[in-house]
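Heads up: the structure comes next, in structure tokens.
All values reported here derive from a predicted model rather than from experimental measurement.
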Amino acid sequence: MKRLLVYLKNYKTQSVMAPLFKLLEAVFELIVPLVIASIIDVGIKNDDIGYIVARCGILVLLALIGMAAAITAQYFAAKAATGFGRELRHALFEKIQSLSFSELDNIGTSSLITRMTNDTNQVQNGVNLVLRLFLRSPFIVLGAMVMAFTVDVKCALVFLVAIILLSVVVFGIMAYTIPKYKNVQTKLDSITLSTRENLQGARVIRAFTSEQREIDEFTKRNNALSSLQRAVGRISALLNPVTYVIINIAVVALVYTGALRVDTGNLTQGEVVALYNYMSQILVELIKLANLIVTVTKALASAQRISAVLNQESTLEHTSNNKSSDAFVEFENVSLIYKNASAESLSDISFSAKKGDVVGVIGGTGSGKSSLVSLIPHFYDATSGTVFVDGSDVKTLDDENLRKRIGFVQQKAVLFKGTIRDNMKWGNRSANDDDIIDALKLAQIYDTIEEKGGLDFMVEQNASNLSGGQKQRLSVARALVRRPEILVLDDSSSALDYATEAKLREGIYALAYNPTVFIVSQRASSVMSADKIIVLDDGVCVGIGDHHSLLKSCDVYNEIYTSQFGKEEA
């Protein structure tokens with residue numbers, strides 16, 4: 001939690017004023033029983049109506065001042081807590097954006113969503129309650145005990161015993177429930193994952209008529225979460241009844257002791273009532289404290305999960321390697337093992353490409369094609385070997401500047417809710433409409449967009465109002481708007497027909513500024529015209545060359561070509 005308190009630094013005034021006003025309210029509350037005692041011992045005993053009215057006026061005044069102090073404290077606490085929540089969400093989002101793909105894969109999208117939303121809200125609520133009650137409730141409890149000692153020492157010993165017993169109960173339950181609430185949040189990650197996958201894959205689920213199976217799986221996870229919440233809730237729920245039992249036993253002991261003291265003349269009736277009121281105040285505050293502890297327990301569990309993300313450092317290496325390369329893009333004995341993977345995804349890959357070259361990457365499913373091109377923009381670190389871009393090791397380059405030079409179209413086309421113009425400007429914020437239109441024409445999607453309403457056509461969430469081929473072509477157009485020095489097309493035409501794909505390739509090959517192009521595909525037709533083709537099989541490079549040489553020298557490439565075209569080329 002200490003790691004997160006830094007986000008309260010802009011709300012120091014509010015964080016101090018909120019508990020101070022709560023303490024002011026508490027001071028006035030502690031005065032009330034003494035005023036009531038004086039009404040009984042003086043006003044009622046002497047039948048002095050004027051004295052009673054005057055003291056009642058003081059009670060009203062104390063109530064009004066206390067209410068004003070409470071409202072002021074609530075305002076400061078709410079302002080500090082909401083500001084803290086905003087700062088924390090901002091920092092968490094910024095941190096997530098800085099993490100490499102490796103960390104994002106390891107933590108998981110659903111878990112990050114839960115930490116950004118539910119966990120942050122839990123911590124924000126915890127801060128709000130702490131500012132309001134963390135000082136007030138202990139102050140009232142201890143203050144009431146001190147005031148009881150000023151009234152009568154023997155009766156006040158009852159307070160002392162009750163508070164000790166209550167402290168044991170409260171802190172014992174807190175120690176038990178903190179790790180349990182952390183498990184609850186982990187289970188919530190699982191629920192978020194299930195919900196997210198079902199919403200994203202609704203069409204697939206219905207296509208396979210698997211609705212009932214998914215409902216059963218969700219019910220299973222939901223019941224597991226509910227069972228855990230009930231288990232920890234039962235322990236937390238013991239706070240209130242145990243508090244009531246201890247306090248009521250203490251009240252009985254107090255009244256009995258007080259009665260004996262009144263009979264002996266050592267205590268007045270008003271003082272007994274004052275002691276009873278102090279005990280009642282302790283009861284109310286301990287109930288509030290119990291609720292505070294439940295909330296703080298949840299907040300602490302959530303804070304640990306948020307801190308784990310904030311403390312997570314990107315594992316992408318940045319070195320001062322002096323090695324250089326004459327090629328524009330070069331892989332030198334590169335291998336890659338993903339985190340927690342048991343085997344290499346790429347093994348000892350070596351090749352080079354000059355500026356303006358077209359490089360095809362082909363292989364079967366799971367052969368490592370996407371892994372290979374993901375190393376060019378430094379999305380992952382090579383486990384061994386070196387990746388060079390423009391003569392420099394990618395680990396020596398600034399990631400942001402490196403990626404600005406690269407147009408990357410990934411396997412899964414991702415568009416954002418907004419207009420076509422907004423989506424295209426992801427590639428280049430300063431692009432004008434003419435630049436966007438040129439890119440759309442090059443990507444063979446301009447006519448379709450014109451029919452839909454032009455650049456102001458609204459793309460829905462997950463681009464649900466576009467087909468797979470349209471999404472792929474728009475993704476290519478977005479990369480082309482950037483006019484990148486390196487263009488990576490990672491199986492980005494799988495949803496296109498052969499004729500459209502051929503036109504797209506022709507347009508890219510004819511680009512005036514002559515980028516270096518990497519085309520990843522399982523189709524031999526997509527890479528046949530490349531200057532150099534890299535053939536991968538289970539992470540190993542089994543062939544490098546042009547189309548004709550590979551047909552003669554590479555069995556894997558020959559098999560792919562034959563399976564798609566039916567016979568070997570003459």
Side-chain angles (χ1 to χ4, degrees), residues 1-31 62-96 114-144 146 167 170-171 174-175 177-178 181-182 185 236 239 281-282 284-311:
M1 190 68 182
K2 290 180 181 178
R3 171 71 172 80
L4 306 185
L5 292 180
V6 65
Y7 301 109
L8 272 174
K9 65 181 180 181
N10 294 328
Y11 304 93
K12 291 178 181 176
T13 301
Q14 291 86 347
S15 299
V16 172
M17 297 302 290
L20 283 181
F21 273 95
K22 274 295 181 181
L23 289 180
L24 181 62
E25 177 196 5
V27 169
F28 291 126
E29 283 192 25
L30 291 173
I31 297 173
L62 290 173
L64 292 174
I65 296 173
M67 183 176 68
I71 292 172
T72 305
Q74 296 280 75
Y75 168 77
F76 283 127
K79 187 172 183 180
T82 52
F84 167 82
R86 183 188 66 224
E87 298 281 349
L88 181 58
R89 277 188 290 270
H90 177 78
L92 191 55
F93 188 79
E94 187 176 10
K95 183 65 178 183
I96 291 170
T114 304
R115 297 180 203 216
M116 276 286 298
T117 53
N118 185 272
D119 283 327
T120 303
N121 285 337
Q122 294 281 14
V123 176
Q124 180 178 320
N125 292 336
V127 169
N128 193 352
L129 277 181
V130 165
L131 291 177
R132 287 163 45 199
L133 298 177
F134 186 69
L135 289 181
R136 173 199 158 84
S137 292
F139 182 80
I140 288 282
V141 172
L142 295 176
V146 170
S167 298
V170 166
F171 288 107
M174 188 175 177
T177 53
I178 284 180
Y181 277 119
K182 189 174 181 180
Q185 294 303 109
S236 297
L239 277 172
Q281 286 183 353
I282 290 176
V284 172
E285 291 306 320
L286 284 174
I287 293 170
K288 290 180 183 179
L289 188 61
N291 293 328
L292 169 65
I293 287 171
V294 171
T295 302
V296 168
T297 301
K298 293 179 181 178
L300 288 173
S302 295
Q304 290 175 4
R305 287 160 48 82
I306 294 172
S307 295
V309 177
L310 294 175
N311 293 332

Minimum heavy-atom distance between [X] and [Y], given as atom pair plus value:
X      : Y      : result
Ala303 : Val123 : N-CG2, 3.7 Å
Asp119 : Ser302 : OD1-OG, 2.9 Å
Ala80  : Leu8   : O-CD2, 3.8 Å
Thr120 : Met116 : OG1-O, 3.2 Å
Phe84  : Val127 : CE2-CG2, 3.6 Å
Ala77  : Arg132 : CB-CG, 3.5 Å

If you round to the nearest 0.5 Å, how far is [atom2] of [Y] from [atom1] of [X]?
X      : Y      : atom1 : atom2 : result
Gln74  : Lys22  : CD    : NZ    : 4.5 Å
Asn125 : Leu292 : CG    : CG    : 11.5 Å
Arg136 : Leu129 : CZ    : CG    : 12.5 Å
Phe21  : Leu131 : CZ    : CG    : 14.0 Å
Leu24  : Met17  : CG    : CE    : 9.5 Å
Leu310 : Leu92  : CG    : CG    : 5.5 Å

Would you please test Thr295 and Asn128 for side-chain contact (heavy atoms from CB on, under 4.5 Å) and show each step? CA-CA 10 Å; Thr295 302; Asn128 193 352; over 6 Å; no
Can any side-chain N or O of Gln281 pair as donor or acceptor with the backbone N or O of Glu29 at less than 3.5 Å? yes
Check: Thr114 main-chain N/O paired with Asn118 side-chain donor or acceptor under 3.5 Å: no
Atom NZ of Lys79 with >12 non-hydrogen neighbours under 6.0 angstrom: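 Not more than 12 within 6.0 Å, no.
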Should Tyr75 and Ile71 be marked as a side-chain contact (heavy atoms from CB on, under 4.5 Å) after you check the CA-CA gap, both sets of side-chain angles, and the distance that decides it? CA-CA 6 Å; Tyr75 168 77; Ile71 292 172; 5.7 Å; no
Student check: side-chain heavy atoms of Val27 and Phe139 closer than 4.5 Å: yes
Would you sort out whether Arg89 and Gln124 count as a side-chain contact (heavy atoms from CB on, under 4.5 Å), showing the intermediate values? CA-CA 10 Å; Arg89 277 188 290 270; Gln124 180 178 320; 3.6 Å; yes
Please report the C-alpha distance between Ile96 and Arg115 in whole Å, then the side-chain angles of each, then the deciding distance to 0.1 Å, and finally whether the side-chain contact (heavy atoms from CB on, under 4.5 Å) criterion is met. CA-CA 11 Å; Ile96 291 170; Arg115 297 180 203 216; over 6 Å; no
